[in-house]
Amino acid sequence: RAKSEGKATYQFFEPKLDEEARLRRQTELDLRRALHEGGFELHFQPLYSLVEDRLKGFEALVRWNHPERGLVNPVDFIPLAEETGLIIPLGEWILREACWQASQWPEELSVAINISPKQFASGNLAQTILQALSHSGLAPGRLELEITESIFIANVEKTLSTLHGLRDLGVRIALDDFGTGYSSLSYLRSFPFDKVKIDRSFVQDLTTEGNAHAVIRAITTLADALGMETLAEGVEDAGQLEVLRREGCRYIQGFLYSHPLNVSEVGILIDSNGMQRVTRPA
Ligand code: C2E
Ligand code: MG
Ligand code: MG
Ligand code: MG
C-alpha cells in the first residue's frame with residue numbers, strides 16, 4: 001500500500017524505521033552485556049497441587065535487571081533474544097541457575113523451566129540439561145521442561161524425536177499455554193506429555209462466560225484419558241478456583257496463590273510450609 005502512495009511515504013517512514021533499528025541494536029548490545037555481567041535473575045512462581053493440597057514446585061521466570069529500566073519482563077526481551085540467537089547462552093544460564101536453586105529445595109518440590117523454540121531446535125539442549133543436572137545434583141524427575149505448541153511448526157518428525165530424546169533423560173515434559181495454538185488437539189495426541197498447562201485465557205473467561213466451564217471440562221477429561229496431568233494458569237480469584245476444582249484440574253498457578261517470588265521470598269515460603277530445606281555449599 002505504501003508503494004502506491006508514492007515515494008514521499010517512504011521518506012516519511014524512514015527516520016522512524018531507522019530509530020527502531022537503532023533501538024533494537026542497542027537493546028541487543030545491552031542484552032549481550034547483561035549476559036556477561038550477570039544482569040539476569042530468576043523469579044519463581046509457586047505451583048500448587050489441589051489434589052494433595054500442598055505446594056508442589058515452582059516455575060522459573062527470568063527477569064532482566066536493567067541498570068536504567070529496572071526489572072524488565074521476559075515479553076520485552078525474549079523475542080529479541082530469540083531473533084538474535086542470544087536465547088541459546090541465556091537459556092543455558094537459566095537452566096543451570098534454576099536447577100541449582102531447585103537443588104536447595106526440599107526433595108518433594110520440582111522446578112519447571114520454559115524452553116524457547118530456538119533453544120529446543122538448537123541440537124545441544126539435551127547436553128545442556130545433562131550438565132545442569134549433574135552440576136547441581138538435581139534428580140532428573142524433579143525437572144519439568146515447558147514447551148509450547150509452536151515447536152511443532154518447524155518439522156513434526158524432528159520435534160518428536162527431540163521430545164523423546166529429552167524424555168529419555170528422565171525429565172518431565174509439559175505443554176505450556178495449551179489451547180492457543182493452531183492445532184492443539186493433534187499435538188496432544190502426538191506425544192505423551194506429562195502435563196498440560198491450560199492457557200490463562202480460558203481461566204480468565206471462567207467468571208464471565210457460561211461455556212468456559214465446558215472448555216475446562218473438555219480439556220481435563222481429554223488429558224485424564226491420555227494420562228496427562230492438568231494445571232490451570234493465571235488463577236486470580238476464588239470463583240475460578242472453585243470451577244477448576246470441580247472440573248478436576250490437578251494443579252493451579254496464579255496470583256490467587258502467589259505472584260512470582262525472588263529467591264529469598266522462595267526460602268520464606270518453603271520455611272512457612274514447614275518443609276525441610278537442603279543446604280549445599282555453593
Ligand atoms: P508463561 O510460561 O505462560 O508464564 C506465565 C506468565 O504468566 C508469567 O509471566 C507469570 O508472571 C504470569 N502469571 C502468572 N500468574 C498470573 C495471574 O494470575 N495473572 C496474570 N495476569 N498473569 C500471571 P512472565 O514472567 O512475564 O513471563 C511471560 C512469558 O515469558 C512466559 O509465559 C514464558 O513464555 C516467557 N518466559 C518467562 N521466563 C522464561 C524463560 O526463562 N525462558 C523462556 N524461554 N521464556 C520465558
Ligand atoms: Mg511457562
Ligand atoms: Mg504458560
Ligand atoms: Mg501463558
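Order of listing sets the numbers, starting from 1, for every ligand and every atom in it. Residue indices begin at 1 and follow the sequence shown.
- The nearest non-hydrogen atom to atom 44 (N) of ligand 1, considering only S116, G234, P117, comes from S116.
- For ligand 1 and P260, the ligand atoms under 4.0 Å from any heavy atom of the residue are 11 (O).
- Look at K197 and E229 and you find no salt bridge, because none of the NZ, NE, NH1 or NH2 atoms lies under 4.0 Å from a carboxylate O.
- At least one N/O-N/O distance between D177 and ligand 1 falls below 3.5 Å.
- For the pair OD2 of D176 and OE2 of E59, the angle at the Mg ion (ligand 2) is about 180°; rounding is to 10 degrees.
- Residue E59 touches ligand 1 through its side chain alone, judged by heavy-atom distances below 4.0 Å.
- Atoms of ligand 1 lying under 4.0 Å from any heavy atom of D176, numbered from 1 in the order shown and given with element: 1 (P), 2 (O), 3 (O).
- Among V72, I94, I78, the residue whose heavy atom sits closest to atom 41 (O) of ligand 1 is I94.
- Taking 2.8 Å as the criterion, E146 counts as a coordinating residue of the Mg ion (ligand 2), since one of its N, O or S atoms falls below it.
- In this structure, E107 does not pair ionically with R142, as no charged nitrogen and carboxylate oxygen lie closer than 4.0 Å.
- Under 4.0 Å from ligand 1, not a single heavy atom of H259 appears.
- Between the side chains of E247 and T220, no donor-acceptor pair of N or O atoms lies under 3.5 Å.
- Close to ligand 1: R200, with a non-hydrogen atom less than 4.0 angstrom away.
- Between K56 and E144, no side-chain nitrogen of the basic residue sits less than 4.0 Å from a carboxylate oxygen of the acidic one, so the salt-bridge criterion is not met.
- Within the listing of ligand 1, atoms 17 (C), 18 (O), 19 (N), 20 (C), 21 (N) sit less than 4.0 angstrom from a heavy atom of E236.
- Between D177 and R200 there is no salt bridge, since no side-chain N of the basic residue sits under 4.0 Å from a carboxylate O of the acidic one.
- The aromatic rings of F193 and F191 sit perpendicular, their planes meeting at an angle over 60°, well past the 30° parallel limit.
- Nearest N/O/S atom of E233 with respect to the Mg ion (ligand 3) is recorded as OE2.
- Ligand 1 has R63 within reach: a non-hydrogen atom of the residue lies less than 4.0 Å from it.
- Between the side chains of Q101 and E97, a donor-acceptor pair is found at a separation under 3.5 Å.
- Taking any N or O of N73, backbone or side chain, none lies under 3.5 Å from an N or O belonging to ligand 1.
- Looking at F255 next to ligand 1, an N or O pair under 3.5 Å apart turns up.
- The atom of D177 nearest to the Mg ion (ligand 3) is OD1, with the search restricted to N, O or S atoms.
- Here the two rings, on H66 and F77, have centers that are 6.0 Å apart or farther.
- Look at E19 and R22 and you find a salt bridge, because one of the NZ, NE, NH1 or NH2 atoms lies within 4.0 Å of a carboxylate O, short of that distance.
- The closest side-chain donor-acceptor pair between Q45 and H43, if any, does not fall under 3.5 angstrom.
- Interface atoms of ligand 1 facing V62, defined by a heavy-atom separation under 4.0 Å, are 38 (N), 39 (C), 40 (C), 41 (O).
- The aromatic rings of W93 and F40 are tilted relative to each other, their planes meeting at an angle between 30° and 60°.
- Smallest separation of non-hydrogen atoms from T230 and C249: OG1-CA, 3.6 Å.
- For the ligand labelled ligand 1, residue Q204 lies outside the 4.0 Å heavy-atom shell.
- Counting heavy atoms closer than 4.0 Å to ligand 1, residue E233 contributes side-chain atoms (C-beta onward) but none from N, CA, C or O.
- In this structure, of N114, V75, I252, the residue bringing a heavy atom nearest to atom 34 (O) of ligand 1 is N114.
- Looking at G254, P74, A81, it is P74 that brings a heavy atom closest to atom 37 (C) of ligand 1.
- Relative orientation of the W100 and H135 rings is tilted, given thresholds of 30° and 60° on the angle between their planes.
- The Mg ion (ligand 3) lies at 2.8 Å or more from every N, O or S atom belonging to D199.
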